[in-house]
Amino acid sequence: MSAAAIRETWLLFHHTTRISLRHKVGLLVAAIQPLFFLVLFGPIFATFGDWETFVPGLIIQLGLLSAGLAGFGIVFDWRSGVLERLRVTPASRLALLLGRVLNDAFTLVIQTVLLVAAAYALGLRAPIAGVLAAMVLVVVLGVSLAALSYAAALTLDEHLFAPVMMTAVVPLMLLSGAFLPMSMAPGWLEALSRVSPFRHVLEAMRELFAGHYWNATIATGLAVVVVFTAASLVIGARVFHRENA
């Protein structure tokens with residue numbers, strides 16, 4: 001990226017972040033469901049499992065519900081004419097996309113911090129270093145999910161975006177093994193779950209929450225999320241450029 005594109009990305013990120021922080025209730029909306037799971041289901045899960053296994057699953061759920069549904073914002077921008085005004089600006093289309101997805105990743109980090117803080121209050125004892133390392137995966141995952149969400153929002157009919165994305169969230173969450181270990185699943189289902197990048201990211205997070213800072217599982221999760229994010233940004237940039245040409 002050129003220096004001008006980096007500056008444009010920063011300006012849009014700064015602008016969208018100020019708006020997000022101004023609407024504090026909005027930051028909690030996507031986190032409400034994972035918080036309900038944490039408070040109402042977490043103590044039950046802890047009787048036969050542990051918080052270090054359960055909380056990373058909630059983070060994946062949070063990512064799908066927050067950054068994964070970020071496309072709602074661009075639907076509203078399209079309806080209000082914001083996208084039309086962006087088309088006449090000299091800003092690069094990649095900067096317009098990155099500014100948005102970085103804000104969504106930042107929002108996801110704030111929501112994750114709130115979720116993890118609540119988990120510590122309830123019994124989580126993961127090492128701080130492991131949680132901070134997992135936050136790196138959260139940022140990268142947030143960027144990828146937001147980019148794909150924007151691509152879907154600009155491709156699908158505005159009335160189809162919500163039902164399609166909400167329908168996709170549930171199987172993606174379940175296939176990741178967020179709540180039940182996929183080792184218990186039939187062979188075909190376990191194999192299908194391995195195709196999902198979220199399973200590998202989740203397994204890497206669980207290793208980090210357990211205090212393991214580098215092994216094959218973490219390396220695989222990091223490699224998968226980097227490749228997934230790169231592909232998501234390419235798809236998002238192409239769709240964004242086409243719709244804003």
Side-chain angles (χ1 to χ4, degrees), residues 31 33-35 37-39 41-68 104-146 169 171-187 189-232:
Q33 185 171 323
L35 282 170
F37 272 86
L38 178 70
V39 175
F41 187 57
I44 300 174
F45 184 91
T47 61
F48 60 89
D50 56 70
W51 292 101
E52 290 74 25
T53 299
F54 182 60
V55 174
L58 293 181
I59 294 175
I60 292 295
Q61 181 192 35
L62 177 59
L64 289 168
L65 291 172
S66 179
D104 295 317
F106 176 71
T107 299
L108 177 58
V109 168
I110 293 177
Q111 294 167 332
T112 302
V113 169
L114 294 175
L115 179 67
V116 171
Y120 271 112
L122 290 172
L124 176 67
R125 295 296 179 264
I128 296 298
V131 173
L132 292 177
M135 285 296 178
V136 176
L137 295 177
V138 171
V139 172
V140 181
L141 184 66
V143 168
S144 64
L145 285 171
V169 162
L172 289 174
M173 182 171 56
L174 294 177
L175 285 174
S176 72
F179 301 118
L180 292 174
M182 295 308 296
S183 59
M184 298 171 56
L189 188 57
E190 200 272 343
L192 182 61
S193 74
R194 290 195 174 278
V195 178
S196 169
F198 306 110
R199 172 172 178 173
H200 301 285
V201 177
L202 174 57
E203 290 178 345
M205 283 187 184
R206 284 174 171 162
E207 289 291 311
L208 292 168
F209 269 62
H212 307 144
Y213 300 114
W214 190 253
N215 55 35
T217 300
I218 296 173
T220 300
L222 182 60
V224 168
V225 76
V226 168
V227 172
F228 180 61
T229 301
S232 300

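Not measured: the values here are computed from a predicted model. These numbers come from the heavy atoms of this one structure, side chains and all, not from hydrogens, waters or symmetry mates.
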Student: Indicate the atoms forming the closest heavy-atom contact of G221 with A204, along with that distance.
Tutor: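 Closest heavy-atom pair between G221 and A204: CA-CB, 4.0 Å.
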Student: Looking only at heavy atoms, what is the nearest atom pair of L38 and L115, with distance?
Tutor: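 What the structure gives for the nearest pair is CD2-O, 3.7 Å.
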Student: Can you measure from CE (M173) to CG (L62) and round to the nearest 0.5 angstrom?
Tutor: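 Atom-to-atom, M173:CE and L62:CG are 11.5 Å apart.
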Student: OG1/T217 to CD/E203 distance, rounded to the nearest 0.5 angstrom?
Tutor: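 The distance works out to 6.0 Å.
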Student: Any luck finding a side-chain donor-acceptor pair between R199 and S193 under 3.5 Å?
Tutor: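 The criterion, which ignores hydrogens and geometry beyond distance, is satisfied for S193 and R199.
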Student: Begin from the C-alpha positions of S66 and Q111 and carry the test side-chain hydrogen bond (donor to acceptor under 3.5 Å, both in side chains) through to its verdict.
Tutor: CA-CA 9 Å; S66 179; Q111 294 167 332; 2.7 Å; yes
Student: Compare every heavy atom of I218 with every heavy atom of N215, then report the nearest pair and how far apart it is.
Tutor: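 Nearest pair, atom of N215 first, then I218: OD1-N, 2.9 Å.
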Student: So, taking the atom named CG in L108 and the one named CE in M135, what distance separates them when rounded to the nearest 0.5 Å?
Tutor: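 The CG atom of L108 sits 8.5 Å away from the CE atom of M135.
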Student: Under a 4.5 Å cut-off applied to non-hydrogen side-chain atoms, are V143 and F228 in contact?
Tutor: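 When only atoms from C-beta onward are counted, F228 and V143 do not touch, as no gap falls below 4.5 Å.
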Student: With no hydrogens and no angle check, is any side-chain donor or acceptor of E52 less than 3.5 Å from a backbone partner on R125?
Tutor: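 Yes.
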Student: So do F209 and L124 actually touch side chain to side chain, heavy atoms under 4.5 Å?
Tutor: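 Result yes, sub-4.5 Å side-chain heavy-atom pair found.
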Student: If every non-hydrogen atom of S144 is compared with every non-hydrogen atom of S232, which pair is closest and at what distance?
Tutor: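 Heavy atoms of S144 and S232 come nearest at O-CB, 3.5 Å.
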Student: Could you walk me through whether F198 and L64 satisfy the side chain to side chain contact (heavy atoms under 4.5 Å, CB included) test, starting with their C-alpha distance in whole Å, then the side-chain angles of each, then the deciding distance to 0.1 Å, before giving a yes or no?
Tutor: CA-CA 10 Å; F198 306 110; L64 289 168; 3.9 Å; yes
Student: Go through V138 and M205 one step at a time and tell me if the side chain to side chain contact (heavy atoms under 4.5 Å, CB included) criterion holds.
Tutor: CA-CA 9 Å; V138 171; M205 283 187 184; 3.6 Å; yes
Student: Indicate yes or no: at least one non-hydrogen side-chain atom of L222 is less than 4.5 angstrom from one of W214.
Tutor: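 Yes - at least one pair of side-chain heavy atoms lies under 4.5 Å apart.
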Student: Any side-chain to backbone donor/acceptor pair from H200 onto V225? Under 3.5 Å, distance only.
Tutor: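 Answer holds: no.
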Student: Indicate yes or no: at least one non-hydrogen side-chain atom of T229 is less than 4.5 angstrom from one of L141.
Tutor: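 Contact flag for T229/L141 side chains = no.
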Student: In Å, rounded to the nearest 0.5 Å, how long is the span from CG of L208 to OH of Y213?
Tutor: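 One finds 8.0 Å between CG of L208 and OH of Y213.
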Student: Step through it carefully: locate the ring centre of F54, locate the ring centre of F37, and say whether they are under 6.0 Å apart.
Tutor: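 Between F54 and F37, the centre distance exceeds or equals 6.0 Å.
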Student: Which atom names give the shortest non-hydrogen contact between L175 and L189, and what distance separates them?
Tutor: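 Looking at all heavy atoms of both residues, the shortest contact is CD2-CD1, 3.7 Å.
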Student: Does a side-chain heavy-atom distance below 4.5 Å link T112 with V109?
Tutor: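 Side chain of T112 against side chain of V109, heavy atoms only: no contact under 4.5 Å found.
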Student: Roughly how far apart are L202 CG and L58 CG, rounded to 0.5 Å?
Tutor: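 Here the interatomic distance stands at 10.0 Å.
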Student: Using 0.5 Å steps for rounding, measure from the CG atom of L114 to the CG atom of L35.
Tutor: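 Rounded to the nearest 0.5 Å, the CG-CG separation comes to 7.5 Å.
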Student: Taking the side chain as every heavy atom from C-beta outward, state whether Y120 and I128 have any atom pair closer than 4.5 Å.
Tutor: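 Yes; the side chains approach each other to less than 4.5 Å.
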Student: Using every non-hydrogen atom in the two residues, find where G142 and A67 come nearest and quote the distance to one decimal.
Tutor: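 Looking at all heavy atoms of both residues, the closest pair is O-CB, 3.6 Å.
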Student: Taking atom types as modelled and ignoring hydrogens, do the side chains of D104 and T107 form a donor-acceptor contact shorter than 3.5 angstrom?
Tutor: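 Distance-only check fails for D104 and T107.
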